Structures are given as structure tokens and as C-alpha cells.
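See below for the structure under consideration.
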There are 4 protein chains.
Amino acid sequence: MSAAATTSQPRRPRSGNRRDEAARLAVLHAADDLLVEHGFGALTVEAIARRAGVAKQTIYRWWPSKVEILLDTLIEDSAKRIPVPADEPTAESVRGYLRGFARFLTRDPAGKVLLALLAEAQHDPDTARSLHERCLAPRRARERAMLTGATDAGEIAPTLGPDATMDALLGPIVYRALTGASIPRGLVDTLVDALLRPRAN
Amino acid sequence: MSAAATTSQPRRPRSGNRRDEAARLAVLHAADDLLVEHGFGALTVEAIARRAGVAKQTIYRWWPSKVEILLDTLIEDSAKRIPVPADEPTAESVRGYLRGFARFLTRDPAGKVLLALLAEAQHDPDTARSLHERCLAPRRARERAMLTGATDAGEIAPTLGPDATMDALLGPIVYRALTGASIPRGLVDTLVDALLRPRAN
Amino acid sequence: MSAAATTSQPRRPRSGNRRDEAARLAVLHAADDLLVEHGFGALTVEAIARRAGVAKQTIYRWWPSKVEILLDTLIEDSAKRIPVPADEPTAESVRGYLRGFARFLTRDPAGKVLLALLAEAQHDPDTARSLHERCLAPRRARERAMLTGATDAGEIAPTLGPDATMDALLGPIVYRALTGASIPRGLVDTLVDALLRPRAN
Amino acid sequence: MSAAATTSQPRRPRSGNRRDEAARLAVLHAADDLLVEHGFGALTVEAIARRAGVAKQTIYRWWPSKVEILLDTLIEDSAKRIPVPADEPTAESVRGYLRGFARFLTRDPAGKVLLALLAEAQHDPDTARSLHERCLAPRRARERAMLTGATDAGEIAPTLGPDATMDALLGPIVYRALTGASIPRGLVDTLVDALLRPRAN
DNA sequence: CTATAAACGAGACGGTACGTCTAGTCTTATC
DNA sequence: GATAAGACTAGACGTACCGTCTCGTTTATAG
């Protein structure tokens, strides 16, 4: 309470057991597996707990909803599988990004997670907000940087602003994935040609 | 009523009361209202029955699931609000169709139904099948006719096939609606210009 | 709408399926069995539902708590096993009643129900109220009648009022049952002799 | 322990490897208070720990169950409030003991503890055993001594053996406390008169 | 003019999952 | 080594809907 008290740093009453990393990973994997194997309908908190060998309370302690569990896996997976190109500001890198995105949505099990969250966001405003804040907005920021970089480098000349351009490029890919259609190589090429170099042709 | 009628259906196993049209409409409106007012999460069969003043069994008797209720309303509404142009095979009519589509998704309460069904289709294969068979496929057939008509008339010259072209046009609109973004007039114009008259400019 | 309709009595808006008697009995028996076999600690609503082959909601629909289930069985059983003598206003019938009571508490499985409810009443005011209103008070009314009848007939001459007399007679029996002690024949005899015929000896 | 020890830890006489008496008392008082204030239903280990400002583990380390906590307080309180008379082997001292007992059960907050434990003993065999071994049996031994002392002194002449006599005296008192009834002075007097001096009148 | 049979409202039923609570155990870091 | 803090597994709590199944009533045709 005297000088000694003043010297002591803001009290760190930290103690107690720390979070169990194994439990955290078990939950993430269980959620992922259940979604891929049995669909979103089978993705209940009880089922996740059962499959992960974890108590329900452990899930509720760390995640406010099953949607946040999926978001955790999605953020990690999408960062690995479909990083936004930041180094080479070329039209080709944009094309490559879109092809990777298409492959992710149609072939990668983790792509199902994005589609499921995009779907759930239509049913639940909280999901919509979380999906935007934690996944879509950060990615969009990097996508904008990718486009403006390439534009500044003279590689592309989009008619629309960066946001609308990205939506025009991604929209068809996402929509076909949502409707269960494949995404042919020509579609991506045409989108890039038509929207990024409208006059350069 | 006459001898002819009696002859045409000699064994009428049918008897008793016929379907109550008032109950049918009450269910459709209750489902629509609940979706718009409280979201898909509040759209339970019990809530629909409660709001419609109808017994649950009456719903289960006529609809296999709540999704089919929504489909019934969607098919009727979309036929009225966003008919596929069939008379004038011009680029302008395509543009008008896309603008109507964008307005439907972002402004019309009935547009929420389409987004909700598209979402639910990600969670449930039965919904996906119904949505395609009863809504998306018939509309796509008319959209294809619209595009081929305009192409034959020399009004447009799409690079892609009619299906991919429609997805490239609709995808951005749907995607922005799904992510809660508005759909600016310039986006539709650019899509039409870039994808339907790539060389005609 | 005619005079006939007006004449018809106020319509009985009865509809819906009636209560399932089999489910009701299954619940009562399951609760009883669980209490006797595994004790009050194992008497959870889930366990009752499981053992009765009944949905939890069915229990919650008809009983506000598991205590009321036990009360239902207790009221029925105690009416059968330890009826309060009403016909013969003799000291002997009182003695017989107390012996039956002692046997009920120590030998009859249903006696465990009374002890459990008396115990639970100490933990929960709602139980205390229900136990009094539905079981103890009605029985006490009949016990009072028994005592006053015998007193009027000159068979007994209790010093205390009927309530205190009954408590003085039953208290030792209940207390020994609560503490797991047997109830010897001499105890009942001495209580009757000492409290009902203090001067008659 | 001496001045040297004090010097070695100038500011921290507290903590170390011995049992923390402050924690022990905090737990006992918290349990007592919770029982009196919110009833047995609110008496959870978590609530005790919370109210006592003590870790759950500290409770589990020293007490096998919350029942033992209550027993600790009960033994201490009952020894103080209702000691069994050992000095004067008179009928009057027995009467005084019973009156004290009645007052303890109906007026003293600590009396609630005995009723709660007697109740819990019906639900849980471990509680029953502990209650007997640590509380009821030792007290009963002293009560027996009280009765035999008075009998030998010619002050009383009970018909029944000492155990049954004590149960016949205490039973009505306990039963009325359990059922929420008051214990009138006349009841105790009549019990003493009727059971201890059946022929001496 | 009945008699039948379908559709209706009401709602009980066996279930599944929800999100919360407490039990009792185990771990970490502090004193 | 005892403590405060608190994460962990386990499982019951009471609620909301699910989809199925009677009930008894209503009503439009069939006989």
C-alpha cells in the first residue's frame, strides 16, 4: 500500500488452469467433420461434443455458438488454401486467385464451411455480422489491395470500383457453387477478360 | 352431374369435404409474414400454425415441409414480380430483367424468400432439389430462351454459353444481396456491357 | 342460427386427444420404483421418463414437479393401505391405526414415499405446502374425527387437543422411521395407554 | 513460529502449508448462512465457495460433502445450545431439556440445520450414517445417561426402555417442527407427565 | 334425408437439441 | 504444501419444436 504497492504492476490475479488446446482442436475438427460428413443439419452442439469427446459446457465456455466454431476453422483454412496474392500485381495473379477460389468452393471440404456460413447468415443476423467482421471484410480488404496494386501497375483497368469489381468476379463463382454447378475454366477467364481489361482487348 | 359425368367416373372413391382454400392462404401468408418479420429462425411449423390459426396437421397434410410452403409463395410472387421477358429479344430487355431481379432481391419482401431458400438449400439436399426443380430450372429455361432469342436477333454476342452467361450476370447480383450489399445501377450496366457485347463496344 | 341453435347448450369446445392413461400410470410406477430401488437422489425427471418410456414433456405437461408425482402415488397408496378408521370409535381402532401406520412406514415400499416427501418438504417450501394441502391436512381431518368420535363415546380421554394428541402419537413413530429404527409393539401400546387414557388406567 | 520466523517473513504471516483456519470458518459460516437465508436447495458447494471467498477445491479437500460441513456446524452449535443435562438427575431437568430442544428446533437458526440433515438423511444413506455416528448417537448416549440417572434417583419411572422413551419424548417435538407446527408448552408437559411418571401421578 | 368420409381445430404423444447449472476432479501459479 | 482460480467431463434441468397420432366437429357429396 506504500511505495511497495505502487511499484507492483497492475495486479495480475491470473491463476487457475489454462485452456486445453487438445479440447479446442478436437472441437474444431469434430465440427468440420460433421459438416462435411452429415451436413449442417447434423451439426448440433451435442453432436460436436459427442464426437469431440468433450463436455457441452466446454464448447459453450469458449464459443458463443456453433457458427463461431465454423468461423474459426474457416479463417484458418481459407488463409492457408486461398491466400490473397499480395506480391505480384498482375492480371495473372488475379486470375490464379479466382481459380483457387473456385477450386476451394467446389473441391475442398473446407469450402463447404464457407457456403454453409454464407447460408446461415441469411437465417441469422448474428451469423451475418460475425461472418463479415471476421472473414469477409478482412479478405475483401486484401482483395482491394490486390486490385488497386494491379491497376496502379497498369496491368488491369476495371470499369467498376474495387468492391463492385470483386463482387462481379466472385459472384458468379459463388453463385454456381451455391447452386451446385461446376465452375468451368472458361468462366473465370471470361470474367477476368471482360471485367478487368474492358478496353485493353 | 349428367349421365356423361357419371359414366366418366363410375367409381368415385372421393367424398367428404374438400381442401379449405382459406386455410391454404392463411398458411402461405403466415409463413411469408413470419419470415419477413422475424427471420427464418422463427419460421417453425408450430409458429406458422399458430399465426395462421390452423392445426399443425393441416400443414403436414398438404406440405411435406416448411420449405415447400415458401416455394409455393416464391413461385407465385416471382412469376408476378420478375417475369422473364419473352417478347422483345433486345439487350435492353435483358438489362431490364436484371434490374428487376436486383430490385426484387433487395427491396421486395418476397426476395427474402428466395435468399432464404437458396440458403436453406445449402443445409438440406431436399430443399436444394425442390428449389431447382420447382423454381430455378424453369426460370433458367426461360432465361436461356431470352438470351438465345437476343443472340439470334444480333442484339447480343455473349462469349460464354447461355447458362454460364446467366450465372455471370446473376451471380454478382445474388452475391451482393447475400452479403447485404446494395446493387448499384452501374454494376448491372457494366455486367451487361462486358458480358453480352464484349466486342460490340 | 335458428331457434334450435339458440336452444342448444353452450358448445363444449372440447377437442384434441385426451390424456393417455397408460402414460400416466407408467410415470407413477416408474417414480415409485426408482425411489424404492435407488433412492430419492436417483429420482430425476429424466430417469422417470426413461424408465416409464415416456417423453420428458409429457411429465412436465401434467406434473409441476417430481414431488407432485410422488404425492399422486402416496395419496392413492395411503388411502388403500392406512385408511383412517371412521366406523368404530374405540381405543382399539386407534391403536390399530397406529400399528398400521408404523407398518406402512417401516415395511411398505410406499412408506418410503411419505418419508421422502416429508424430507423434501424441509428443503423446499413448495413441497411443504403441497404435502400439507394434499396429504397431511386431509388425513389429519379424518384423524381428528376419529379421536373426537372415540372421546365422545367415552372410549378415550386425551389430555391434549386432538391435533397435539395425534402428533404425540404419530411423532414417535415417524421419528423412529426417519432415524431408521424399528417400531416395537410396546411403543405403540405405551403411547396409546399413556396419552389416550391417562386417568383411566 | 518465534521472532526469527516472523523476521524471515516480514510482511506475510499468512499462508504456508498448514490448514487455513480462516478458510475453515468462512466455509462453516457461509454454509450456515446460506441454509438459513436461502434454504437447502441453494446450498451448493459452488455457492458456499463463492460466499466464503474460497476455492471449491479447498472445500473438497477438507470435507467429503456439504453435509459434513453442516454436521460440523451442527455439532458445535447443538453442544452449546442444547447440552444434555448431566448434573441434576431430576424430572425437571428432563423437562427443561425438552423445552430447550423445542426452542432450538423452532426458533434457533441452527435448528434448521438439524432438520435439514434429518431430511437429507432420508435421501442419502451416507448422510444418514454420518448424522447418526457424529450427532445422534453421541447425543443419545448422553440422553440415556440422563434418563437412567433420573430413574435410579427415583425421579422418574418410564414404562419403556430409555431409547424408546427418548424417541417418544423427542418424536412429537421433531414431528411438529418438521411439519412447521409450533410446540406448545402443554405438549412437553403432557409428554413428560404421561411417559415418565405414568403411575406416579 | 340421411350416411359417409375427408378436412379441420386442437392438442397429447415420443423424441432431439437447446443453453444453463452444479457436481466433483484436475491443473496452474501464488504465497 | 495449502490456497484461489478456474478448466475439465458428466449429466440433469426445464423449454421449444419436431413429425405422428388420435379426438370430436363440420360439411359436401353419395346413396
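If you're wondering where the values come from, they're calculated on a predicted model, not measured in any experiment. Within every chain, numbering begins at 1; the chains are lettered A, B, ... in the order of the sequence lines, protein sequences first and strands thereafter.
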So, does A:K66 use its side chain to make a donor-acceptor pair with the main chain of A:T44 at under 3.5 Å?
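No, A:K66 side chain to A:T44 backbone: no donor-acceptor pair under 3.5 Å.
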Check: D:K112 side chain, D:L35 main-chain N or O, donor-acceptor pair, under 3.5 Å:
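No, D:K112 side chain to D:L35 backbone: no donor-acceptor pair under 3.5 Å.
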Pairs of donor and acceptor atoms involving the side chains of residues 22-33 of chain D, under 3.5 Å and at least two apart or interchain, shall be tabulated with distances.
from  : atom 1 : to    : atom 2 : distance (Å)
D:R24 : NH1    : D:E21 : OE1    : 3.2
D:R24 : NH1    : D:E21 : OE2    : 2.4
D:H29 : ND1    : D:L25 : O      : 3.3

Using a 4.0 Å cut-off on heavy atoms, which residues in residues 28-41 of chain A reach DNA chain F? List them by number, or say none.
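The stretch gives none, as no residue of it lies under 4.0 Å from the strand.
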Which residues, if any, of residues 52-62 of chain C bring a heavy atom under 4.0 Å of DNA chain F?
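The stretch gives C:K56, C:Q57, C:Y60 as the residues lying under 4.0 Å from the strand, ordered by number.
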Value rounded to 0.5 Å, distance of [atom1] in [X] from [atom2] in [Y]:
X	Y	atom1	atom2	value
A:H38	A:F40	NE2	CZ	15.5 Å
B:T58	B:I48	OG1	CD1	13.0 Å
B:L131	B:E68	CG	CD	10.0 Å

Nearest whole angstrom, please: distance from the [atom2] of [N] to the [atom1] of [X].
X	N	atom1	atom2	answer
C:E68	F:dG14	CD	P	13 Å
B:E21	F:dT27	CD	C1'	17 Å
D:H123	F:dA12	NE2	C1'	17 Å
A:R24	F:dT9	CZ	P	15 Å
C:N17	E:dA12	CG	P	8 Å
B:R18	E:dA7	CZ	C1'	10 Å
A:W63	F:dA7	CH2	P	13 Å
D:E46	E:dT20	CD	P	15 Å

With a 3.5 Å cut-off and sequence neighbours excluded, list the donor-acceptor pairs that the side chains of residues 115-124 of chain A form with protein atoms.
from   : atom 1 : to     : atom 2 : distance (Å)
A:Q122 : NE2    : A:L118 : O      : 3.1
A:Q122 : NE2    : B:L178 : O      : 2.8
A:H123 : NE2    : B:A116 : O      : 3.4
A:D124 : OD1    : A:D126 : N      : 3.3
A:D124 : OD2    : A:T127 : N      : 3.3
A:D124 : OD2    : A:T127 : OG1    : 2.8

Sequence neighbours excluded - salt bridge (charged side-chain N to carboxylate O under 4.0 Å, His left out) pairs with any residue from residues 35-48 of chain A:
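Non-adjacent pairs meeting salt bridge (charged side-chain N to carboxylate O under 4.0 Å, His left out): A:E37-A:R51, A:E46-A:K56.
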Could you pull out all residues at least two apart from A:D72 that satisfy salt bridge (charged side-chain N to carboxylate O under 4.0 Å, His left out)?
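Listed in chain order: A:R134.
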5' precedence on DNA chain F between B:L43 and C:K66 (nearest-nucleotide basis)
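The residue whose closest nucleotide sits nearer the 5' end is C:K66.
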Which one, E:dC13, E:dA23, F:dC13, comes nearest to the side chain of D:T44?
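Of the candidates, E:dA23 comes closest.
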Which residue lies toward the 5' end of DNA chain E, C:A23 or A:A47, if each is placed at its nearest nucleotide?
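Mapping each residue to its closest nucleotide by heavy atoms, the 5'-most match is C:A23.
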